[in-house]
Amino acid sequence: MAVEAARARLAFLGEMTDSLVPLLERGGDDPWIVLRGFANLATPRLADACIVRAVEPHRLSQVAMAGPEELIGPLRSILSNRRFPAIFDRLAGREVVITEDMTVGTVAAHAGETFADRAWPILSRVRSIAHVPVCIEGRLVAVVSLVTGRELSNRSFSLLADGDFFGEIGRRLSLFVENADRFARGRRLVEMFQRTLLPDLLPWIPGIDAASRYLPASSEDEIGGDWFDLVELADGRIVAAVGDVVGSGLEAAASMGEFRTALRALSLEGRGPGSLLERVSELAAGFGRSFATAFVAVIDPYRGEIRYADAGHPPALLVRS
């Protein structure tokens with residue numbers, strides 16, 4: 001029986017990795033997607049219910065809940081508070097905490113007799129709970145609580161039999177969440193850098209109503225290369241430009257900044273749109289920079305004339321009143 005149990009646990013750990021890696025790859029900037037996936041995988045394989053909470057300075061917020069409503073429903077409010085400092089102190093030390101046999105005395109020892117008397121009608125449905133810490137850089141960021149119910153199964157957790165297994169689960173979940181968090185932080189860094197290279201507001205030009213809105217794609221792979229600009233020339237004409245550098249990340253954002261700066265500087269020389277793009281292309285080749293697509297329009301509001309050129313970029317739309 002011990003050998004079979006060990007094999008089953010190794011199989012679960014393998015399945016856990018196989019199931020959560022694709023979620024991490026598709027998750028983008030959501031660090032909790034793997035914990036939601038784990039809750040669904042663990043119920044009812046490991047426990048009758050699974051509740052995942054993010055640890056915030058003054059409260060816990062629900063990340064995922066899986067299991068029958070008659071068990072997780074009543075537990076929702078009880079497990080969302082921090083009345084168990086003895087448990088959370090141990091979890092913060094990356095220690096798995098298991099309540100092997102839920103009793104009034106157990107609850108009172110952790111949270112006081114007043115809370116135990118009030119909560120026992122709900123907690124009496126629980127046989128055992130295993131709290132698994134999820135940490136990033138040594139800091140507790142989430143708690144995965146695996147629950148067995150008295151009326152749902154005969155399963156019960158114990159520290160001696162299950163502590164090492166749940167500890168390994170916690171280490172793997174921590175690695176997944178830490179990688180997702182780094183991915184999200186990297187995406188935010190690229191987006192922030194890109195926004196610093198784009199104009200906060202388009203210039204105010206008499207007689208011209210201009211507005212812009214930039215929405216980055218949901219994937220980090222698509223952030224970094226887009227730009228737009230509006231430049232007023234000395235003779236009253238206006239240069240409007242939009243473009244996209246091939247590639248992504250910080251390198252594409254840096255290239256975008258150079259393309260935008262070059263285009264803005266050359267436009268002040270009064271060049272036509274085709275000449276602008278040709279000269280920027282020559283400069284980009286000299287920089288050894290990536291390819292880019294661009295659209296440039298020179299607008300003469302006094303003559304009601306628009307001249308434009310595009311290099312692999314969709315042209316703008318002219319909508320008549």
Side-chain angles (χ1 to χ4, degrees), residues 28-29 184-321:
D29 56 356
R185 281 186 290 173
R187 183 181 190 276
R188 290 192 296 269
L189 175 63
V190 173
E191 183 178 343
M192 180 180 67
F193 181 58
Q194 183 181 19
R195 288 190 182 278
T196 62
L197 298 176
L198 294 174
D200 293 330
L201 293 172
L202 294 178
W204 180 79
I205 301 174
I208 298 294
D209 291 329
S212 63
R213 186 185 185 200
Y214 174 67
L215 295 175
S218 59
S219 169
E220 183 186 18
D221 293 338
E222 300 174 31
I223 292 179
D226 305 287
W227 90 87
F228 58 90
D229 212 344
L230 195 67
V231 182
E232 184 179 16
L233 305 181
D235 60 6
R237 292 181 302 156
I238 299 152
V239 176
V242 62
D244 182 15
V245 174
V246 176
S248 62
L250 289 174
E251 183 177 352
S255 296
M256 175 270 286
E258 291 185 352
F259 275 110
R260 177 178 173 247
T261 300
L263 188 65
R264 168 173 276 267
L266 291 169
S267 67
L268 293 174
E269 298 178 357
R271 295 172 178 267
S275 175
L276 269 175
L277 289 180
E278 287 177 358
R279 185 64 182 128
V280 171
S281 181
E282 292 172 359
L283 289 174
F287 293 153
R289 282 301 188 184
S290 306
F291 290 100
T293 64
F295 170 84
V296 176
V298 178
I299 305 166
D300 189 334
Y302 302 106
R303 300 177 61 181
E305 180 181 90
I306 298 177
R307 298 174 60 212
Y308 72 87
D310 66 275
H313 203 85
L317 298 177
L318 174 64
V319 181
R320 300 187 184 277
S321 61

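Keep in mind that what you see is a predicted model, and the values were worked out from it rather than measured. One-based numbering along the sequence shown.
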* Sort and list the pairs that fulfil salt bridge (charged side-chain N to carboxylate O under 4.0 Å, His left out) and have at least one residue in residues 261-278, not counting sequence neighbours. => D229-R264, E269-R271
* 4.5 Å side-chain heavy-atom contact, V231 and I238 -> no
* Would you name the heavy atoms of V296 and A241 that are closest together and state the gap between them? => CG2-CB, 4.2 Å
* Asked: What residues, two or more places apart in sequence or in another chain, satisfy side-chain contact (heavy atoms from CB on, under 4.5 Å) together with V298?
  -> R237, V239, P273
* Structure fact -> Residues L277 and A294: closest non-hydrogen pair is CD2-CB, 3.9 Å
* Taking only residues two or more places apart in sequence or in another chain, which ones pass side-chain hydrogen bond (donor to acceptor under 3.5 Å, both in side chains) with D209? -> none
* Non-neighbouring partners of A210 that pass side-chain contact (heavy atoms from CB on, under 4.5 Å), sequence neighbours left out -> L202, I208, L230
Enumerate donor-acceptor pairs with a distance under 3.5 Å from any side-chain N or O in residues 302-316 to protein atoms, sequence neighbours excluded.
from	atom 1	to	atom 2	distance (Å)
H313	ND1	T293	OG1	2.8

